[in-house]
Trainee: 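Just dropping this structure here.
Within every chain, numbering begins at 1; the chains are lettered A, B, ... in the order of the sequence lines, protein sequences first and strands thereafter.
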Amino acid sequence: MAGRRFRGAIMTEKYIPQTIEARWQKRWEETRLYHVDDDVPNPYFFLTMFPYPSGDLHIGHWYAYTPSDARARYLRMKGYDVMLPIGFDAFGLPAENAAIKHGIHPYQWTMRNIERMRQQLRSMGAMWDWEREVVTCQPEYYRWTQWFFLQFYKHGLAYRTRSAVDWCPNCNTTLAREQVWGEDRHCERCGTPVTKKELEQWYLRITRYAEELLRHDGINWPERVVTMQRNWIGRSEGAELIFRSEQGDDIVVFTTRPDTVYGATFMVLAPEHPLVNRLTTPDRRAAVEEYVAAAQRRTEIERLAVEKDKTGVFIGAYAINPANGERIPIWIADYVLMGYGTGAIMGVPAHDERDFAFAKEYGLPIPVVIRPPDWNGEPLTEAYTGEGPMVNSGPFDGMNSREGIKAVTAYLEARGLGRPAVTYRLRDWLISRQRYWGAPIPIIYCPQCGTVPVPEEDLPVLLPEDAEFLPTGESPLKYHEGFRRTTCPQCGGPAERETDTMDTFICSSWYQMRYVSPHYDKGPFDPKAARVWLPVKQYTGGIEHACMHLLYTRFFTKACRDMGLLDHDEPMLNLFNQGIVLGEDNEKMSKSRGNVVNPDDYVRTLGADAVRAYLMFIGPWELGGSWNSRGIEGISRFLNRVWGLVLDPTPRQGSATGEERERRIAEVWRATHKTIRTCTEHMEGFRFNVYIAALMEYTNTLLRLREAGLGGTEAWSEAIRTLVLLLAPITPHLAEELWERIGGAYSVHQQRWPEWDERLAADEMITLVVQVNGKVRDRLQVPADIAADDAKALALASAGAKRHMDGKTVRDVIYVSGKLVNIVVR
RNA sequence: GCCGAAGUGGCGGAACGGUAUACGCGGCGGUCUCAAAAACCGCUGGAGGCAGACUCCUUGUGGGUUCGAAUCCCACCUUCGGCACCA
């Protein structure tokens, strides 16, 4: 024992986290402790969303990475060959903005940050296999990002089209629908409200997978994420009906209520609808054009702001209601959106709130075709959107509207005027970005041959290093002649490259595949390694990616499967979303609030293990919690107590002998096996906070039992070994150091997870709770294996119970084995 | 408006049909010290009671189911997220 006598007590060497942490990090790396090969018997791919190399590791990174590391370490001790990789999502705007602001090249800026972050990440003491690191901005990576684009293009899953798209005026680029958030339609990245621009852009056909993306079969994801994705995809079942204009054009509308078609008294087209121009009559043209122009000028925010008032213009044309042959006017109004359904609706004012408001505004008739309950034929004061018997609906009168939906659709389908249809809210994924720092879209435009994909053997299309970064709001690639001008791979004539780059969410849609063989150069991944590791068994990360990254990567996986690249349907089988760490003031950490906690400061003073353990102790992982500087000191005290306990079994005063000693030894065994059981259960459930609480309790118990002087007994040695093993996932450095000091073989992280024996964990005596009518009236110490009748008899005789049974009749006595007796009296 | 999550001591939280408040923080008292800090030990939901015994109250609110409810069911309130003129 390394220690010296001092004032009668053994003073063990002090716990100095900084020294032992640095030492073990070095040793782990030198011995390649965390490297896993592909020929392992029990592969387990554990992944946490990789970071953007912003240049500084904040508390959020620690909160994402250290609990997941603890879980991965546990699985490893359970016998899995865990692959826990790390890398960098390295393309993106901040690098380019730094280039504009500080004149440093995005590549330099990014690689410098990565170098710095590698050091900070290492300080966490996580079991990452750095040999598998991926960096998405390096040509050996983005070559395959481009390759994927080409496969999507070949299979008809990538296309280019012109339309009104979301534009972030601050980021100076277009965004995908998923990347525009909130009521004020702001940019997900920078918070600036977006505007609309009419542009020709590249899209990936994610909508082709809408139906399959709605199903989360075979994966265990939080209900929250599943619901968010379902809402986002927004499936609506109904029918497409054809209203023929008097000029003979078919106007297709989508409706979820074909049963109400007899009540359609007008039609509304979106102002941008392609038929508007053709159908508008000369006398209405001026008014229509004015309205269309006004609608275009209006941002989405303004359109939202005028939600209550419906506006619109009659275009002079009429259409025929396909159900009853009636002639109904065609209007345009901006409450009908070109981007949803067919951009045209039938107006059924009696049974749709928006149509009702519109009809009221413009004096259009509101005939009832679904009878509301208790309706006497008077005009409606508001739309009735419920079910009911159909009326004024020709052959369908009397039919319930629920059946009417199918019946009317079939009736119109038979006449060639409709068919059942499903519409989704999900749009195709806009992937063009008007920025430099991303993977160039590998497409060439040839005046002779048109749109020509870059041949696979010519990949990667490299980003030119000498681009000029000016705050013009346009991609430097557009003005880089050397990049832009090229020759057509088909005809050899002069041609131009696409100058937009890809959304960085493409890079992260397939990074899990790259980790299985990060340096493979015959494809994006080695199929052999992919069969070993994919799909990811456990994925963890923030909920903010529910409808972006997590949807995109599912789409990628399904598309890859259909292209014959993968043989599984889902990228990640299990998902866990951690919460957010708030500042000491319970507010979100931000520089402007001045409540930012710098983890490096605490690593320096209290050690990485204390930071890790504290973050896991703060509360349930999925809920996050507030930082508390006193709280982490409490954890630090705990680790110091553990240190002293493990290294010094000497009682502070006296020790137990004889029977007393035997009782203490039994207590040690019991505490040990109970703790293994509790901790294992909590680790299985990601309940790190209670896991640590159980370890604290165990430590407190052992500190008390140390006074019995049990050093040298088998029970004590086992208890100490167990404590260190259970500590290993949470505080890997401290556990490794203690493991070595108690004579364990390197490494503690290669030990088997301890198992518990129910018999050893079982109590000899229990506290039997005595209730009268459900209220606790007494507590009795009884043997754990007490017979039911004995327990009942003891309870009935107990002083506490008697006090409350006075003069009352016992109606029933309920015994819950090993727990309580409830005496029911009246 | 629709969908989801959450409301428990002074604070973070535990228990999720059977001892409410584990564990930690804070507070109070003590040991050590000339003193303080650190460390360690004890007490700590509220009310009544001099105190122990004991009694009553307490898991957002109000009902219900049950021998027994923080836990299950119904209604409501609050907070936080997502969606929202989606036809």
Trainee: Hey, does the side chain of A/R777 come within less than 4.0 Å of B/C56's phosphate (OP1/OP2), counting only N and O?
Mentor: yes
Trainee: Say you pick atom P in B/C72 and the same atom in B/G18; how far apart are they, in whole Å?
Mentor: 11 Å
Trainee: Can you check the A/I635 CD1 to B/G13 C1' distance for me, whole Å?
Mentor: 13 Å
Trainee: Is the glycosidic angle of B/G52 within 90° of 0, making it syn, or outside that range, making it anti?
Mentor: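 Nucleotide B/G52 adopts anti.
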Trainee: Base, sugar-phosphate or nothing for A/R706? Non-hydrogen atoms, less than 4.0 Å.
Mentor: nothing
Trainee: Would you call A/K196 and A/D166 a salt bridge, taking side-chain N to carboxylate O under 4.0 Å as the test?
Mentor: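 Answer for the salt bridge query: yes.
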Trainee: Measuring only the P atom in each nucleotide, how far is B/A20 from B/G30? A whole number of Å is fine.
Mentor: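 Result for the P pair: 33 Å, nearest Å.
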Trainee: So what's B/U31 paired with, Watson-Crick or G-U wobble, going by both distances under 3.5 Å?
Mentor: B/A39
Trainee: Tell me whether the NZ or CZ atom of A/R425 lies within the 45° cone about the ring axis of A/W232 and under 6.0 Å from its centre.
Mentor: yes
Trainee: Looking at B/G18, B/A87, B/C85, which one has an atom nearest to any side-chain atom of A/T255?
Mentor: B/A87
Trainee: Using the P atom on both, measure B/G24 against B/A39 and round to a whole Å.
Mentor: 14 Å
Trainee: Examine B/C57: is either OP1 or OP2 under 4.0 Å from a nitrogen or oxygen in the side chain of A/K775? Give yes or no.
Mentor: yes
Trainee: B/G52 pairs with which nucleotide, Watson-Crick or G-U wobble, both distances below 3.5 Å?
Mentor: none
Trainee: Separation of A/R185 atom CZ from B/C85 atom C1', in whole Å?
Mentor: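 Atom-to-atom, A/R185 to B/C85, this comes out as 13 Å.
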Trainee: State whether A/E633 and A/R630 are salt-bridged, where the test is any N-O pair (Lys NZ or Arg NE/NH1/NH2 against Asp/Glu carboxylate O) under 4.0 Å.
Mentor: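 Judged by the 4.0 Å cut-off on N to carboxylate O distance, A/E633 and A/R630 do form a salt bridge.
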Trainee: If we take the C1' atom in both B/G82 and B/A38, what is their distance in whole Å?
Mentor: 48 Å
Trainee: If you compare every side-chain N and O of A/R425 against the phosphate oxygens of B/A84 (OP1, OP2), does one of them come in below 4.0 Å?
Mentor: yes
Trainee: Within the structure shown, what part of the strands sits under 4.0 Å from A/Q771 by heavy-atom distance: base, sugar-phosphate, or nothing?
Mentor: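 It contacts base atoms.
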Trainee: Tell me whether A/D334 is salt-bridged to A/K310, with the criterion being a basic N under 4.0 Å from an acidic carboxylate O.
Mentor: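 Salt bridge: no.
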Trainee: Determine: side-chain N/O of A/R630 to OP1/OP2 of B/G26, distance under 4.0 Å, yes or no.
Mentor: yes
Trainee: Is it true that atom CZ of A/R811 has more than 12 heavy atoms of other residues, nucleotides or ligands lying nearer than 6.0 Å?
Mentor: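 Counting neighbours around CZ of A/R811, 12 or fewer heavy atoms of other residues, nucleotides or ligands fall under 6.0 Å, so no.
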Trainee: With rounding to whole Å, what would you report as the distance between B/G13 and B/C25 at their C1' atoms?
Mentor: 11 Å
Trainee: Are any of the side-chain nitrogens in A/E211 or A/R235 under 4.0 Å away from the carboxylate oxygens of its partner?
Mentor: yes
Trainee: Under 4.0 Å between a side-chain N/O of A/T256 and OP1 or OP2 of B/C86, yes or no?
Mentor: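 Looking at the OP1 and OP2 atoms of B/C86, neither is under 4.0 Å from any side-chain N or O of A/T256.
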Trainee: Taking only the side-chain heavy atoms of A/V690 (C-beta and beyond), determine which of B/G18, B/A14, B/C23 contains the nearest atom.
Mentor: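 Of the candidates, B/A14 comes closest.
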Trainee: Among B/A20, B/G18, B/G24, find the nucleotide with the atom closest to the side chain of A/F617.
Mentor: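 Of the options given, the side chain of A/F617 lies nearest B/G24.
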Trainee: Give the C-alpha distance, both sets of side-chain angles, the deciding distance and a yes or no for ring-ring contact (aromatic ring centres under 6.0 Å, His included) between A/F266 and A/F358.
Mentor: CA-CA 10 Å; A/F266 58 94; A/F358 191 76; 5.5 Å; yes
Trainee: Which residue is it: A/Y602, A/Y63, A/W62? I am looking for the one with a ring-ring contact (aromatic ring centres under 6.0 Å, His included) to A/W627.
Mentor: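 Looking at A/Y602, A/Y63, A/W62, the match for A/W627 under the ring-ring contact (aromatic ring centres under 6.0 Å, His included) is A/Y602.
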Trainee: Calculate the interatomic distance between A/M696 atom CE and B/G12 atom P; express it in whole Å.
Mentor: 17 Å
Trainee: Give one of base, sugar-phosphate or nothing for A/R811, where a contact means two heavy atoms less than 4.0 Å apart.
Mentor: nothing
Trainee: What's the gap between B/C80 and B/G60 when it is taken at their C1' atoms, as a whole Å value?
Mentor: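 The same atom, C1', in both gives a distance of 15 Å.
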Trainee: Checking base pairs now: Watson-Crick or wobble, both atom distances under 3.5 Å. What partners B/G12?
Mentor: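 Answer to the pairing question: B/C23, which forms a Watson-Crick or G-U pair with B/G12.
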Trainee: From B/C40, B/C86, B/U19, pick the nucleotide closest to the side chain of A/T767?
Mentor: B/U19
Trainee: Can you tell which of B/A22, B/G13, B/A87 lies closest to the side chain of A/N689?
Mentor: B/G13
Trainee: Strictly by Watson-Crick or wobble contacts shorter than 3.5 Å, is anything paired with B/A75, and which nucleotide is it?
Mentor: B/U61
Trainee: So, OP1 or OP2 of B/A14: does either fall under 4.0 Å of a side-chain N or O from A/R687?
Mentor: yes
Trainee: Would you indicate what A/V816 reaches in the nucleic acid, counting non-hydrogen atoms under 4.0 angstrom: base, sugar-phosphate, or nothing?
Mentor: base
Trainee: Can a donor-acceptor pair under 3.5 Å be found between the side-chain atoms of A/N231 and the base atoms of B/C83?
Mentor: no
Trainee: Taking 4.0 angstrom as the limit, do A/E681 and A/R687 come out as a salt bridge?
Mentor: no
Trainee: Looking only at side-chain atoms of A/H682, point me to the closest of B/A15, B/A87, B/U19.
Mentor: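 Closest of the options to the side chain of A/H682: B/A15.
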Trainee: Would you indicate, yes or no, if B/A38 has its OP1 or OP2 atom less than 4.0 angstrom from a side-chain nitrogen or oxygen of A/R637?
Mentor: no
Trainee: Measure from the side chain of A/D352, starting at C-beta and using heavy atoms only, and say which of B/A87, B/G18, B/C23 lies closest.
Mentor: B/A87
Trainee: Within this structure, what is the CD-to-C1' distance between A/Q229 and B/G81, rounded to whole angstrom?
Mentor: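 Answer to the nearest Å: 16 Å.
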Trainee: Tell me whether the OP1 or OP2 atom of B/C67 has a side-chain N or O from A/R826 closer than 4.0 Å.
Mentor: no
Trainee: Starting at atom CG of A/D778, determine the distance to atom P of B/U55, rounded to an integer number of angstrom.
Mentor: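 Those two atoms, CG and P, are 10 Å apart.
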Trainee: In whole angstroms, how far is the P atom of B/G4 from the CD atom of A/E622?
Mentor: 18 Å
Trainee: How far, in whole Å, is B/G64 from B/G26 if one measures between their P atoms?
Mentor: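 Straight-line distance between the two P atoms is 44 Å.
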Trainee: Quick check on B/C54: is either OP1 or OP2 less than 4.0 Å from any side-chain nitrogen or oxygen of A/H804?
Mentor: no
Trainee: Which nucleotide, B/C25, B/A87, B/U19, lies nearest any side-chain atom of A/N628?
Mentor: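 It is B/C25.
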Trainee: Provide, to the nearest angstrom, the distance between the CG atom belonging to A/L615 and the P atom belonging to B/C23.
Mentor: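 Nearest whole value for this atom pair: 22 Å.
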Trainee: Return whichever of A/W232 or A/E223 has its heavy-atom-nearest nucleotide of RNA chain B closer to the 5' end.
Mentor: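 Nearer the 5' end of the strand: A/E223.
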Trainee: Going by an N to O cut-off under 4.0 Å, is there a salt bridge joining A/K674 and A/E697?
Mentor: no
Trainee: Under 4.0 angstrom, heavy atoms only, what part of the nucleic acid is A/G625 near: base, sugar-phosphate, or nothing?
Mentor: nothing
Trainee: Who is the Watson-Crick or G-U wobble partner of B/G4, with both distances under 3.5 Å?
Mentor: B/C80
Trainee: Mind checking if A/L820 touches a base, just sugar-phosphate, or nothing, with heavy atoms under 4.0 Å?
Mentor: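 Result for A/L820 = base.
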Trainee: Which comes earlier along RNA chain B counting from the 5' end, the contact point of A/P620 or that of A/N700, where each point is its nearest nucleotide?
Mentor: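 With A/P620 and A/N700 compared, the 5'-side residue is A/P620.
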Trainee: What interatomic distance, in whole Å, is found between P of B/G27 and the corresponding atom of B/U21?
Mentor: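 To the nearest whole Å, 23 Å.
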Trainee: What is the distance from CG of A/L269 to C1' of B/C86, rounded to the nearest Å?
Mentor: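 The answer, rounded to whole Å, is 17 Å.
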Trainee: Pick base, sugar-phosphate or nothing for A/R704, based on heavy-atom distances below 4.0 Å to the nucleic acid.
Mentor: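 Touches nothing.
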